[in-house]
Amino acid sequence: MKSRIKPILFILLIAGVIAAQSCKLLFKSDYAELKADDLTAFVESRFPEMQKRQLAQNQQARKSFIDNFKKMFAFAQAAEDAGLHKSETFKKQLEFTMEQLLASEYGKRNPEVIVSKEEWEAYYASHKDQFESHLNLINTFRKQPVNDAQKEQHRAFWSEVKLRGDKARQANLDKDPGFKILLRFARADLLANLYTQSLKEKNKLTDAEKRKFLADNPGADPDKQKEKAQGLLDRVKNGENFEKLADDYTEDPSGKGKGGDLGWFGKGIMDPTFEAAAFALQKGQTSNELVKSAFGYHIIRVDDRRMSSPPAPATAGPSPAPEPKQEPQEEVHARHILIDTRVLDQYEAQTTDEKVKRELEDATLKFPVSAPADFTLNIAGIDRNRIPGVGGGQGGQMRRINPEENK
């Protein structure tokens, strides 16, 4: 009896594999074909008038446009093949993307409708958990979490988008054929981005590759760079000339030869960690500890501080409308010594990008996309029949319009 079970199990296993492969062959992705009418609808719905007009008159630009979407559709198919369309990340991204599209379409059709602060505040108050989930999703794609000011901006934006999305659904805009085309393209874009990100994660340097690179390039070792920076900080504390050390050792080209001088700057310009450390120092003070930013290890000295009025905005015309009064902003004049720690990161990014590029090229071959050679745009004042390659026009350059003919 046992001897007969094994062959039966083997046959069932083979049958299962064949069935799975057959299903895969029968499955046709929604992104295996790019239609001319969909491209037309997408451009006419999403592009400003000037860009539509330029695209309508430039066949090469339209060809590049098609090629870019072919790549996006190929990557979307690759993402589906990898199962990324089933991930929670994709589902959450798609959900809010749909809300944004609906809100945008509703706003275009109802420009007079304004969502008041009271309205979106009330919506937020009853949907706090949803907003926190949305914020968590945003933070997964950021190197640094959203700060309090950014959170407040996201809160207002998210609440208004959700409210307008609800209004759009009440008006059945989500059932509009044109909206479904926009959603299809947006979905492809999300899938393509997720696939590219997955390749970056997959192709990161292994620990062994990092060790080999650092063995060949000891100056790129972040730990050794930190030791170097700490040695310089000790020398500064012992009274050595800050400007001379900056000129001799800093790895920041902008401050090289100038004693590490960064000039005057306000908030919101520098790396956030660097900025926080600089503005915490008083005039004449030097940082007691190394300051680690995205660039490396800094030793910071603040030469001066001041309150400075922001520059007046550029105006045009003889009688510009008065601008609202802007409060003076705090600025510091700082110097720094920087020991760069980005060499390893830059090598990893370059190596990863090269691998990702090859895999993306492979995806365009593995997942072909049927696409039109061209598509049309119906723009007032532009005769398609006179544009080379479109309609029944002749080849060659477009004839220039003589202004006298329009008189």
Side-chain angles (χ1 to χ4, degrees), residues 38 40-55 91-142 145-187 189-190 193 267-268 310-327 329 377-380:
D38 289 354
T40 300
F42 179 83
V43 172
E44 291 183 347
S45 174
R46 305 303 293 176
F47 277 38
E49 190 64 29
M50 180 61 73
Q51 287 187 341
K52 286 191 286 188
R53 186 169 292 274
Q54 291 172 346
L55 195 59
K91 292 175 183 177
K92 289 178 180 178
Q93 282 186 309
L94 182 61
E95 179 184 351
F96 190 65
T97 296
M98 183 174 180
E99 295 296 311
Q100 288 179 285
L101 287 174
L102 284 170
S104 176
E105 287 301 298
Y106 182 82
K108 284 195 297 184
R109 302 187 192 200
N110 303 275
E112 75 287 351
V113 176
I114 296 175
V115 176
S116 67
K117 183 177 180 181
E118 291 75 19
E119 282 183 283
W120 69 255
E121 284 277 18
Y123 185 90
Y124 166 76
S126 59
H127 298 82
K128 289 182 180 180
D129 290 345
Q130 290 183 27
F131 173 70
E132 290 300 325
S133 176
H134 172 72
L135 202 61
N136 289 336
L137 179 66
I138 292 174
N139 283 331
T140 59
F141 294 96
R142 293 172 59 95
V146 170
N147 59 36
D148 290 341
Q150 293 167 332
K151 181 176 180 179
E152 187 63 21
Q153 292 174 348
H154 279 291
R155 187 173 74 92
F157 174 71
W158 178 85
S159 302
E160 183 168 346
V161 165
K162 294 289 284 186
L163 273 170
R164 288 183 178 274
D166 287 347
K167 292 178 185 291
R169 270 185 290 273
Q170 290 166 12
N172 290 322
L173 295 187
D174 55 327
K175 297 179 175 61
D176 186 282
F179 173 77
K180 291 181 179 179
I181 292 172
L182 293 181
L183 185 60
R184 177 172 175 247
F185 279 89
R187 186 177 183 274
D189 185 47
L190 288 176
N193 287 332
K267 293 183 177 179
T315 56
S319 302
E323 293 286 337
K325 185 178 179 181
Q326 299 186 55
E327 296 297 324
Q329 297 176 348
L377 292 170
N378 300 310
I379 308 297

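In this chain, residues are counted from 1 in sequence order.
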- request: In sequence, state the C-alpha distance, the side-chain angles, and the governing distance for Arg184 and Asp189, and then conclude on salt bridge (Lys or Arg N to Asp or Glu O under 4.0 Å).
  value: CA-CA 9 Å; Arg184 177 172 175 247; Asp189 185 47; over 6 Å; no
field: Ionic contact status for Asp38 with Lys180, cut-off 4.0 Å
entry: no
field: Enclosure of Glu44 CD (heavy-atom neighbours >12, cutoff 6.0 Å)
entry: yes
query: So with a 6.0 Å cut-off around NZ of Lys108, is the heavy-atom count from everything else above 12?
result: yes
message: Is any side-chain heavy atom of Gln130 closer than 4.5 Å to one of Lys162?
response: yes
query: Between His154 and Phe131, is any pair of side-chain heavy atoms under 4.5 Å apart?
result: yes
message: Side chains of Ile379 and Glu49, heavy atoms from C-beta outward: is any pair under 4.5 Å?
response: yes
field: Residues, nucleotides or ligands: over 12 heavy atoms within 6.0 Å of Asp129 CG
entry: no
- request: List the steps and the verdict of side-chain contact (heavy atoms from CB on, under 4.5 Å) for His134 and Glu99.
  value: CA-CA 12 Å; His134 172 72; Glu99 295 296 311; over 6 Å; no
task: Kindly say whether Val146 contributes a backbone atom to a donor-acceptor pair with the side chain of Asn139 at under 3.5 angstrom?
output: yes
Arg155/Glu121 ion pair, N-O < 4.0 Å: yes
query: Out of curiosity, Leu183 CG to Leu102 CG, how far, rounded to the nearest 0.5 Å?
result: 8.0 Å
- request: Hey, can you tell me if Phe96 and Phe157 have their rings parallel, tilted or perpendicular (30° and 60° cut-offs)?
  value: perpendicular
- prompt: Do Glu160 and Lys117 pass the salt bridge (Lys or Arg N to Asp or Glu O under 4.0 Å) test, and can you show the C-alpha distance, the side-chain angles, and the key distance before you say yes or no?
  reply: CA-CA 9 Å; Glu160 183 168 346; Lys117 183 177 180 181; over 6 Å; no
- request: Find the distance between CZ (Arg164) and CG (Asn110) and round it off to the nearest 0.5 Å.
  value: 8.5 Å
field: Note: Lys151-Asp148 ion pair, threshold 4.0 Å (strictly below)
entry: no
message: Quick one: does any side-chain atom of Ser104 pair with a main-chain N or O of Gln100 as donor and acceptor, under 3.5 Å?
response: no
message: A side-chain contact here means heavy atoms from C-beta on lying under 4.5 Å apart; do Asp176 and Arg109 qualify?
response: yes
query: Does Arg46 pair with Glu105 as a salt bridge, N-O distance under 4.0 Å?
result: yes
message: Once rounded to the nearest 0.5 Å, what's the spacing between atom OG1 of Thr40 and atom CG of Leu377?
response: 5.5 Å
query: Backbone N or O of Phe42 within a donor-acceptor pair of the Ser45 side chain at under 3.5 Å?
result: no
- request: Mind telling me whether His127 and Tyr123 have parallel, tilted or perpendicular rings, with 30° and 60° as the class edges?
  value: parallel
field: Short side-chain to backbone donor-acceptor contact, Asn147 and Gln150, under 3.5 Å
entry: yes
- prompt: Hey, does Val113 have a side-chain heavy atom less than 4.5 Å from the side chain of Tyr106?
  reply: yes
- prompt: Rounded to the nearest 0.5 Å, how far does CH2 of Trp158 lie from CD1 of Ile138?
  reply: 10.5 Å
message: I want to check something: taking the side chain as every heavy atom from C-beta on, are Val115 and Trp120 in contact at a cut-off of under 4.5 Å?
response: yes
